[in-house]
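The structure appears right after this line, and notes come after that.
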Amino acid sequence: MQSERGFGYGVKHIISPISGPVRDVLLSILQLSSDEIEFLIHLGAVYLNHGRIQENVTVSSGDYLRVHTKPRRFPKGNVDFTKCIIFESEHFVVVNKPSGIPVHGSVDNIRENLQSYMEEAVGVKLYVTHRLDVPTNGLIVYAKTVEFQTAFNKLLIAREIKKIYRAKIEGDAPAAKILKHYMEPSPRAPKTVSHEPKEKWQECVLEILEVKKMDSCTELRIHLHTGRTHQIRAQLGYEKSPVIGDHAYGAEKRWSEERIELTACELEFSNPLTGENHYFKI
């Protein structure tokens, strides 16, 4: 039995009518081949009783299955991810993230993401410390140990990590050098921001350090004081100065791939485990 809920996104909710290997159950219900179903299981796009599965496990009659039949894809392609490594130590690795790829696994795809590709490149398990949006490129830190991950996250909370971004925008730069907005606490995107504080809305603060007029656009150098999801994109979009290519926030759509002109170009922090100061720039 299938529910119609989620069909527009390729999400299918199924109460298993029979017992047996999950591949055989789904093969009897969905209009997919055995290879297609096995690939969805491999990607982590199939859930059994609310838990992700990645093997052809046995299900029982009456079990609940959720299948993401149209997972977002981020194939590795010809990228040599060893060349994305900017710095590596025993505690962490700094990576120059390409645009168009997520930092970590998603609800419908646990395999195709930067974390997985970098684990393959460096040969060890990595832990996420902070994030960049899929279309954003630039510097990101992965921890090699849970100890460093925990310590780095404390630096983030204390705002002791300096993050500088380079953004090429449509139109003129905002008049104010420091932009303060408030973001609605919603999991949906695009994000909604306002100049006026509202109950439970999150404060967003960025500082425009430099404004450079170019032939075809304006380039901003931005110090990010708070690190909300989509913050720079939402704030600049609200000020009618959207990042080039960022169609979600009012810019003209320029490329078919997920790419915008926003780069995390500088990163500075003190290693919370050794005290050593680190500064990276691309």
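Quick note: numbers below take in every heavy atom, side chains included, and nothing from hydrogens, waters or symmetry partners. Throughout, numbering of the chain's residues begins at 1 and tracks the sequence.
- Between His223 and His225, the ring-plane angle classifies as tilted under the 30° and 60° cut-offs.
- Note on ring orientation: taking the six-membered ring where Trp is involved, the planes of His181 and Tyr238 are perpendicular (angle over 60°, cut-offs 30° and 60°).
- A side-chain donor-acceptor contact under 3.5 Å links Thr226 and Gln231.
- Side chains of His195 and Glu239: a donor-acceptor N/O pair is present below 3.5 angstrom, by distance only.
- Without hydrogens or angle criteria, Arg259 side chain to Gly245 main chain gives no donor-acceptor distance under 3.5 Å.
- Here the CG atom belonging to Asp172 is positioned 14.5 Å from the NZ atom belonging to Lys240, to the nearest 0.5 angstrom.
- Screening residues 148-157 for salt bridge (charged side-chain N to carboxylate O under 4.0 Å, His left out), with sequence neighbours left out, gives no hits.
- Glu55 CD: 12 or fewer foreign heavy atoms inside a 6.0 Å radius.
- Look at Arg52 and Asp108 and you find no salt bridge, because none of the NZ, NE, NH1 or NH2 atoms lies under 4.0 Å from a carboxylate O.
- Here the side chain of Thr145 pairs a donor or acceptor atom with the backbone of Phe148 at under 3.5 angstrom.
- Under a 3.5 Å cut-off, the side chain of Ser19 and the backbone N or O of Ser61 do form a donor-acceptor pair.
- Of all heavy-atom pairs between Pro185 and Trp201, the closest is CD-CD1, 3.6 Å.
- Donor-acceptor pairing under 3.5 Å is recorded for the side chains of Ser116 and Asn113.
- Remark: Lys163 fails to qualify as a cation-pi partner of Tyr165 under the 6.0 Å distance and 45° angle criteria applied to the six-membered ring.
- A salt bridge is absent between Lys162 and Glu266: the closest approach of a Lys/Arg side-chain nitrogen to an acidic carboxylate oxygen does not fall below 4.0 angstrom.
- Interatomic distance, Arg23 CZ to Asp35 CG, rounded to the nearest 0.5 Å: 9.5 Å.
- In the displayed structure, Glu147 atom CD is contacted under 6.0 Å by at most 12 heavy atoms of other residues, nucleotides or ligands.
- Look at Glu88 and Lys144 and you find a salt bridge, because one of the NZ, NE, NH1 or NH2 atoms lies within 4.0 Å of a carboxylate O, short of that distance.
- Classified by interplanar angle (parallel below 30°, tilted 30° to 60°, perpendicular above 60°), the ring pair His50/Tyr64 is tilted.
- Checked by atom type and distance alone, the side chain of Asp63 pairs as donor or acceptor with a backbone atom of Ser60 at under 3.5 Å.
- The minimum heavy-atom distance between Val46 and Leu26, with the atom names listed, is CG1-CD1, 4.2 Å.
- Using a 30° and 60° split on the angle between ring planes, Phe269 and Phe152 fall in the perpendicular class, above 60°.
- Here the side chain of Gln202 pairs no donor or acceptor atom with the backbone of Arg228 at under 3.5 angstrom.
- Between Glu261 and Arg254 there is no salt bridge, since no side-chain N of the basic residue sits under 4.0 Å from a carboxylate O of the acidic one.
- By the 30° and 60° cut-offs, the orientation of the rings of Tyr249 relative to His230 is perpendicular.
- Glu112 and Arg73 are joined by a salt bridge, as a carboxylate oxygen and a charged side-chain nitrogen come within less than 4.0 angstrom of each other.
- Within a 6.0 Å radius of NZ in Lys76, more than 12 heavy atoms belonging to other residues, nucleotides or ligands are found.
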